[in-house]
Amino acid sequence: MKERILTGLRPTGNLHLGHYFGACQNYLKLQEEGNEFYLEIADVQALTDNFNNPEKVRKNVYEITTDLLSIGIDPNKVNFYIQSKIPEIAELTIFYSNLVTVSRLQRNPTVKTEISQKKELFGEKGESITYGFLGYPVSQAADITCFNGTKIPVGEDQLPLIEQCREIVRKFNSIYGDTLEEPTPILSETKRVKGLDGNEKMGKSLGNAIFLVDDSETVKKKIMSAKTDTNKIHKDDPANPDNCMVYYYHKLVNNEENCKRICENCKKGTIGCVDCKKELIEKMNELLEPIRTKKEYYNNHKEEVEKIINEGTNKAKEEAKVQMNKIKEAMKINY
Ligand code: TRP
């Protein structure tokens, strides 16, 4: 049985270092392994908590696609498509909604966390939760099974959603006969990248992210304001690099030898924070410069991006039809 890699991204903002060192490294590796790889730009899912901000979602469908292309996701190996262009996904979501209880959705840890983070939208205690948001795990199960996705590269936060998809698949198969495959998650090796402020997570909404498309001036400003060891007041005070975000990012983008030197000098107080930050700015820009160049290329060749999305979406449409026929037959609604 052929494996199919399938994943999705909500188009709500540009990619940052957290994505790059997490999910994206996983995608780059997997695209070389010769399996079919479907990558959904999940605009319908993005609308579940951005229904009042359609311009944002629309803009970011383009942004996230070009960010992915700019880091080296190869459209000849990875099939990009837009969720809203595949009506079968919406149709499947309705069918699956009979196979899951409301209380099971309310207990989904990822959904629970997200509801509590979105008080403005869903109320202090989640009392204004929408039907659509509560049900997005069902829609994600449709995303996956609509294309028979078997291997799902995701971050840890997505595991409860994959588990819920597996439950839906089992329930479906037990009622309508063996039709769907249970997907398995593939976790990225780097779990999480910390934010500039030392927060455990880098995130757009946390305001502590370095974006892949940040220009060199922005990168400079952000790194200059990154959190360092608060015990280091003077340039030659010894400090603990483990309490410093600058050293933390050096470990991501600088080589081992330089990291060792920086670590030792920091402990001895023979390197100042400004010099250390300057070196990081240089290394960070070395990483980001080729990405910026490619991004600019795509911005100047929008027709190429459109072609990639359209061709990928057309291929996905064909696939969805086949799978849908199979599912409707199993459900005895193949009139
Ligand atoms: N929920 C995922 C996220 O927020 C995005 C997503 C949509 C997805 N559809 C998917 C992930 C299907 C894996 C498989 O990042």
Side-chain angles (χ1 to χ4, degrees), residues 3-16 18-27 30 35-50 56-57 60-61 63-65 67-68 73 78-86 88-90 92-93 96 105 108-115 117-118 132-169 180-188 191-193 201-206 209 312-313 316 319-320 323:
E3 297 289 357
R4 173 167 287 157
I5 299 161
L6 185 145
T7 194
L9 283 167
R10 292 185 203 180
T12 52
N14 285 102
L15 297 180
H16 53 62
H19 299 114
Y20 182 74
F21 287 107
C24 294
Q25 293 307 315
N26 216 358
Y27 302 166
L30 289 166
N35 289 309
E36 272 197 287
F37 192 156
Y38 273 52
L39 200 156
E40 176 179 285
I41 308 297
D43 60 339
V44 177
Q45 188 176 114
L47 283 167
T48 60
D49 59 338
N50 289 281
K56 173 177 158 191
V57 175
N60 282 304
V61 168
E63 287 298 323
I64 211 152
T65 305
D67 282 3
L68 288 164
I73 301 296
V78 175
N79 200 54
F80 286 86
Y81 61 99
I82 301 183
Q83 185 185 8
S84 62
K85 299 279 277 182
I86 315 291
E88 284 86 352
I89 297 175
L92 276 180
T93 305
Y96 295 164
L105 289 167
N108 184 307
T110 307
V111 177
K112 251 165 97 173
T113 311
E114 284 178 293
I115 294 173
Q117 285 165 348
K118 296 172 204 290
F133 191 82
L134 183 65
Y136 97 74
V138 184
S139 153
Q140 188 156 320
D143 290 343
I144 295 170
T145 54
C146 189
F147 302 102
N148 202 33
T150 54
K151 295 265 184 270
I152 319 297
V154 283
E156 238 175 357
D157 64 314
Q158 294 291 305
L159 293 179
L161 292 160
I162 309 300
E163 188 47 44
Q164 185 132 35
C165 174
R166 292 166 62 92
E167 282 176 36
I168 290 171
V169 165
L180 305 173
E181 276 200 60
E182 275 186 56
T184 46
I186 308 181
L187 281 179
S188 342
K191 286 201 184 105
R192 219 166 236 188
V193 175
K201 196 177 171 193
M202 181 177 275
K204 179 180 178 234
S205 54
L206 299 168
T313 301
E319 276 287 316
Q323 181 78 335

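Read the numbers this way: they start at 1 and go in the same order the structure lists the ligands and their atoms.
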>> For the residue pair Asn35 / Glu3, report whether a side-chain donor-acceptor contact shorter than 3.5 Å exists.
In response: no
> Under 3.5 Å, side chain of Arg4 to main-chain N/O of Phe37, donor-acceptor pair present?
Replying inline: no
> Within the side chain of Asn26, is there an N or O that forms a donor-acceptor pair under 3.5 Å with the backbone of Ile186?
Replying inline: yes
> What's the verdict on side-chain hydrogen bond (donor to acceptor under 3.5 Å, both in side chains) for Gln83 and Gln45, showing C-alpha distance, side-chain angles and the deciding distance?
Replying inline: CA-CA 8 Å; Gln83 185 185 8; Gln45 188 176 114; 5.7 Å; no
Would you mind listing each N/O atom of ligand 1 next to any protein N/O under 3.5 Å, plus the distance?
residue	atom	partner	partner atom	Å
ligand 1	1 (N)	Gln45	OE1	2.7
ligand 1	1 (N)	Gln140	OE1	2.8
ligand 1	1 (N)	Gln158	OE1	2.9
ligand 1	4 (O)	Arg10	NE	3.1
ligand 1	9 (N)	Asp143	OD2	2.8

>> Rounded at 0.5 Å granularity, tell me how far OG1 in Thr7 sits from CD1 in Ile152.
In response: 7.0 Å
> Is there a donor-acceptor contact under 3.5 Å linking the side chains of Asp43 and Ser84?
Replying inline: yes
